[in-house]
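Below: one structure, written as structure tokens.
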Amino acid sequence: MTTNTPSDTNVGDSTSGAGTSQSLDFIRTVVTDDLKTGKYEGRVHTRFPPEPNGYLHIGHAKAICLNFGVARQFDGLCNLRFDDTNPTKEEMEYVESIKDNVRWLGFDWEDRCYFASDYFEQLYAYAVQLIEKGKAYVCDLSPDEIGEYRGNLTEPGRDSPHRNRSVEENLELFERMRNGDFQEGERTLRAKIDMASPNIHMRDPVIYRIQHATHHRTGDTWCIYPMYDFTHCISDSIERITHSLCTLEFEVHRPLYDWFLDELELYHPQQIEFARLNLTYTVMSKRMLAELVREKVVDGWDDPRMPTISGLRRRGYTPAAIRNFCDRVGITKYNSTTEVALLEHSVRDNLNKCAPRVMGILHPLRLVIENCPEDFVDELDAVNNPEDPSAGTRKVPFSRVLYIDEKDFNEDPPRKFHRLAPGREVRLRYGYFITCTDVVKDDDGNVTELRCTYDPETRGGSAPDGRKVKGTIHWVSAEHAVDAQVRLYDRLFNVPDPTDVDEGGTFKDHINPDSLDILEGCKVERSLGEAKHGITYQFEREGYFCLDSKESRPDRPVFNRTVALRDSWAKIEKTQQQQHKPKRGDSPK
RNA sequence: UACCCCAUGGUGUAAUGGCAGCACAUCAGGUUUUGGUCCUGACGGUCCAGGUUCGAGUCCUGGUGGGGUAGCCA
């Protein structure tokens, strides 16, 4: 059987990394030009530089696909580098989850997994070099004072009173900072650039601060830690990166990136900025996602409703679906918001090609076939995947008592309803034609059971006399069915942009209270008793489902709905309902 | 208010001075043993004003609109 296991990452992949697409995005255009002019001796070397302070989300997937994709496409390399310069926020758990996510997405950093913390000693030496050159100084201003001296967006800053200390004094003070002679916040090392620069990041930025904190990798070796701007460009340089791709908010940092490398006369990669991914009906900020986790709005970073890579994986998304999505989104400098519909299309598109088909009943309605003997069991052949003949067939048991979905029966069928109704004949998928002869109800008038007859001549789903039926519905044999819990997910927020809040409001005001719907007592076909983790199945006519990696147990399977199938009947139903609604107002136009 | 960046259908993107194209979404039809898939069609766009040019979505100038930047976060 063809499956969509994680190792099967190339199923249904599009042009990513293939280098066959006609048009290049602006970054690939730069890379192509640099290759042409021999700017980096024909090398292409990128890096994906996450900070291990949270789980990766679909926006990071875009950056991963870009960095690893460019490297693959141009026969280059891509490093994984952890930007771990803030010991108070970073944890080993995040390092592991990030590695796991990148690998799962189908990318390989080979032996090049680096940590900025590995460069701390070198970084320190470069800082000393800057001091010796008269381009950095130890400043005694407090955090608040530094803020005051910095000026603001419209007013220039003022020089720190410590700006003109001697090289010797700076050297001594910086060494004492390292030795732990000072309290946190007491002193910093700052680059000596220009306090009047229109670019605030050039107003003598802090490059080292004192933090008496234990680092997840270096322990208590250091009590001073380098800042991002100083660390990132030098790390890129050390790793001989050619194109340092980052998001738009770092655009104004680029002059600083260039300044450090120029002053230190180091190998100089090129920083290029692109727009981060935004998706409708969700949030894409680590801070907000962490808040949802901390406050238990969701089940954890890998809650299937989260836009995290772990969440999407647990939900049943495939790596190929995510990669294809990232390809479709493209790379630009325009700050855009992509509709979730595109993500959903990407996963349906991929799963349609590779998901094994099965039958599962979400809202069971008992159906008895009266002309079927009690002990009759017919093993019918069912196609595993109509999109992939090599997936073969399986046996599905048919017997006297079945379950169908409540939604597939209507006692008073509306127009265009093709499913079961009193006196009506439909086809059971891969089974027989059945006709509804009677409806059994409880005291409250609820339909509790359907009585039907079947036509033994229609085995397999076609009638020898050539008669047609309009509807085909899915079903399971009651005796052979496996009980399951099914979890239906909806968007986490009920507005396209949850961050668009009223004065004093929060993004959490927009949380969709119905984002999780747990269905108990669902009936799935016998073969799902051996459902495998990591495979997303199509429950025919319903959607795509996978075993929940955390909650599912062999004796009590739990399925997550990845995404529903497109449902054109739902649309017809909706418009019919609207048409039947009496028009209100009837105001003259 | 300073500096930087950006602007093509509803959404995401392509067109590198020469026919404004693709995908998603929407709508209509066809095929179908999944109201899925697939196929066909329709709808719909270059922010504004000048300029350069035989020719401008593209180049120039000026507007307008949107975004980013004032952590000892990254």
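Order of the sequence lines sets the chain letters (A, B, ...), proteins ahead of strands, with each chain counted from 1. None of the values given here were measured: they were computed from a predicted structure.
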### Message
My understanding is that only one of A:Phe182, A:Tyr137, A:Tyr124 makes a ring pair (Phe, Tyr, Trp, His ring centres under 6.0 Å) with A:Phe174; could you say which?
### Response
A:Tyr124

### Query
Between A:Thr435 and A:Arg424, do the side chains contain an N or O donor and an N or O acceptor separated by less than 3.5 Å?
no

### Message
Please report the distance, rounded to the nearest Å, between OH in A:Tyr228 and C1' in B:rU69.
### Response
14 Å

### Task
Just jot down the side chain to side chain contact (heavy atoms under 4.5 Å, CB included) partners of A:Asn352, sequence neighbours excluded, or say none.
A:Arg357, A:Glu387, A:Tyr544

### Message
Taking B:rU58 as the reference, what is the distance to B:rG71 when you measure between their C1' atoms (whole Å, please)?
### Response
40 Å

### Task
Assign A:Pro255 to base, sugar-phosphate, or nothing according to its heavy-atom contacts below 4.0 angstrom with the strands shown.
nothing

### Query
Just checking A:Gln538: base, sugar-phosphate only, or nothing, at a heavy-atom cut-off of under 4.0 Å?
base

### Summary
Readout for nucleotides 11-16 of chain B: B = base within 4.0 Å of protein heavy atom, S = sugar-phosphate only, - = neither; 5' to 3' it is SSSSSB

### Inter-nucleotide C1' distance (B:rA20, B:rG44), Å rounded
13 Å

### Message
I'd like to know if the side chain of A:Glu239 pairs up with that of A:Tyr119 as donor and acceptor (distance under 3.5 Å, no hydrogens or angles considered).
### Response
yes

Pull out every protein N or O sitting under 3.5 Å from an N or O of nucleotides 40-47 of chain B, one pair per line with the distance.
none

Would you tabulate the nitrogen or oxygen pairs shorter than 3.5 Å linking the protein to nucleotides 37-39 of chain B?
{"unit_1": "B:rU37", "atom_1": "O2'", "unit_2": "A:Asn352", "atom_2": "ND2", "d": "3.0"}
{"unit_1": "B:rU37", "atom_1": "O2'", "unit_2": "A:Glu387", "atom_2": "OE1", "d": "3.4"}
{"unit_1": "B:rU37", "atom_1": "O2'", "unit_2": "A:Glu387", "atom_2": "OE2", "d": "3.3"}

### Task
List the steps and the verdict of salt bridge (charged side-chain N to carboxylate O under 4.0 Å, His left out) for A:Arg81 and A:Asp236.
CA-CA 9 Å; A:Arg81 180 172 72 232; A:Asp236 281 345; 2.6 Å; yes

### Query
Stepwise, does the side chain to side chain donor-acceptor pair (under 3.5 Å) test hold for A:Tyr149 with A:Asp159?
CA-CA 7 Å; A:Tyr149 274 81; A:Asp159 285 1; over 6 Å; no

### Task
May I ask you to say what A:Tyr430 touches in the nucleic acid, namely base, sugar-phosphate or nothing, with a heavy-atom cut-off under 4.0 Å?
base

### Task
Nearest whole angstrom, please: distance from the P of B:rA70 to the CZ of A:Arg190.
15 Å

### Summary
Residue pair A:Glu251/A:Asn385 against RNA chain B: nearer the 5' end by closest nucleotide is A:Glu251

### Task
Could you pull out all residues at least two apart from A:Lys62 that satisfy salt bridge (charged side-chain N to carboxylate O under 4.0 Å, His left out)?
none

### Query
Roughly, in whole Å, what's the span from CZ in A:Arg491 to P in B:rA25?
13 Å

### Message
Tell me if B:rG44 is syn or anti. Syn = glycosidic torsion within 90° of 0, anti otherwise.
### Response
anti

### Task
Grab the NE2-C1' distance between A:His253 and B:rG71 for me, whole Å please.
10 Å

### Task
Go through the N and O atoms of the side chain of A:Arg419 and the base of B:rG35, and report whether any donor-acceptor pair is under 3.5 Å.
yes

### Query
Just to confirm, is there a sub-4.0 Å distance from OP1 or OP2 of B:rC27 to any side-chain nitrogen or oxygen of A:Lys571?
yes

### Query
With sequence neighbours left out, what residues match A:Lys333 under side chain to side chain contact (heavy atoms under 4.5 Å, CB included)?
A:Phe26, A:Leu248, A:Glu251, A:Glu273

#### Entry: Partner set under side chain to side chain donor-acceptor pair (under 3.5 Å) for A:Asn67, not counting sequence neighbours
none

### Query
If you look at every strand shown and take non-hydrogen atoms under 4.0 Å, does A:Asn86 touch a base, only sugar-phosphate, or nothing?
sugar-phosphate

Enumerate, atom names and distances included, each donor-acceptor pair closer than 3.5 Å involving a side-chain atom of residues 184-195 of chain A, sequence neighbours excluded.
{"unit_1": "A:Glu184", "atom_1": "OE2", "unit_2": "A:His212", "atom_2": "N", "d": "2.7"}
{"unit_1": "A:Glu186", "atom_1": "OE1", "unit_2": "A:Gln183", "atom_2": "N", "d": "2.6"}
{"unit_1": "A:Arg187", "atom_1": "NE", "unit_2": "A:Asp140", "atom_2": "OD1", "d": "2.8"}
{"unit_1": "A:Arg187", "atom_1": "NH2", "unit_2": "A:Asp140", "atom_2": "OD2", "d": "3.3"}
{"unit_1": "A:Arg190", "atom_1": "NE", "unit_2": "A:Asp204", "atom_2": "O", "d": "2.8"}
{"unit_1": "A:Arg190", "atom_1": "NH2", "unit_2": "A:Asp204", "atom_2": "O", "d": "3.1"}
{"unit_1": "A:Lys192", "atom_1": "NZ", "unit_2": "A:Arg163", "atom_2": "O", "d": "3.3"}
{"unit_1": "A:Asp194", "atom_1": "OD1", "unit_2": "A:Ala196", "atom_2": "N", "d": "2.8"}

### Between B:rC3 (P) and A:Arg203 (CZ): distance, integer Å
12 Å

### Task
Could you state the atom-to-atom distance from CD of A:Gln271 to P of B:rC5 in whole Å?
13 Å

### Task
Could you tell me whether A:Ile572 contacts a base, only the sugar-phosphate backbone, or nothing, with contacts defined as non-hydrogen atoms closer than 4.0 Å?
base

### Message
Ring-plane angle category for A:Phe120 and A:Trp222, please: parallel below 30°, perpendicular beyond 60°, tilted otherwise.
### Response
perpendicular

### Nearest-angstrom distance, P atom, B:rU61 to B:rC22
34 Å

### Query
Using atom C1' of each nucleotide, how far apart are B:rU40 and B:rA56 to the nearest Å?
35 Å

### Message
Any side-chain N or O of A:His345 below 4.0 angstrom from OP1/OP2 of B:rC24?
### Response
yes

### Query
Is the phosphate of B:rG67, meaning OP1 or OP2, less than 4.0 Å from a side-chain N or O of A:Arg276?
no

### Query
How are the rings of A:His57 and A:His60 set relative to one another: parallel (under 30°), tilted (30 to 60°) or perpendicular (over 60°)?
tilted

### Query
In whole Å, what is the span from the CG atom of A:Asp144 to the C1' atom of B:rA70?
14 Å

### Query
When the distance from CD1 of A:Ile210 to P of B:rC73 is rounded to whole Å, what number comes out?
12 Å

### Message
Can you tell me which nucleotide in B:rC3, B:rA74, B:rC5 comes closest to the side chain of A:Pro198?
### Response
B:rC3

### Task
Look at the side chain of A:Arg429 and decide which nucleotide, out of B:rU34, B:rC72, B:rC73, has an atom nearest to it.
B:rU34

### Summary
Among the nucleotides B:rC72, B:rA74, B:rU34, whichever has the atom closest to the side chain of A:Glu51 is B:rA74

### Task
Compare side-chain N and O positions of A:Arg150 against OP1 and OP2 of B:rC72 and report whether any pair is under 4.0 Å apart.
yes

### Task
Indicate whether the side chain of A:Arg541 and that of A:His474 have a donor and an acceptor atom separated by less than 3.5 Å.
yes

### Message
Roughly how many Å apart are B:rG18 and B:rA7, using the C1' atom of each and rounding to a whole number?
### Response
23 Å

### Integer angstrom distance from the C1' of B:rC48 to that of B:rG57
14 Å

## Note on the structure
If one requires at least 3 consecutive Watson-Crick or G-U pairs with distances under 3.5 Å, the stems of RNA chain B turn out to be B:2-7 with B:64-69, B:10-13 with B:21-24, B:26-30 with B:38-42, B:47-51 with B:59-63

### Message
Strictly by salt bridge (charged side-chain N to carboxylate O under 4.0 Å, His left out), give each pair with a member in residues 459-476 of chain A just once, sequence neighbours left out.
### Response
A:Asp378-A:Arg459, A:Glu425-A:Arg467, A:Asp455-A:Arg467, A:Asp465-A:Arg467

### Message
According to salt bridge (charged side-chain N to carboxylate O under 4.0 Å, His left out), who are the partners of A:Asp25, at least two apart in sequence or on a separate chain?
### Response
A:Arg28

### Message
Which residues pass the side chain to side chain contact (heavy atoms under 4.5 Å, CB included) test with A:Thr29, not counting sequence neighbours?
### Response
A:Leu24, A:Asp33

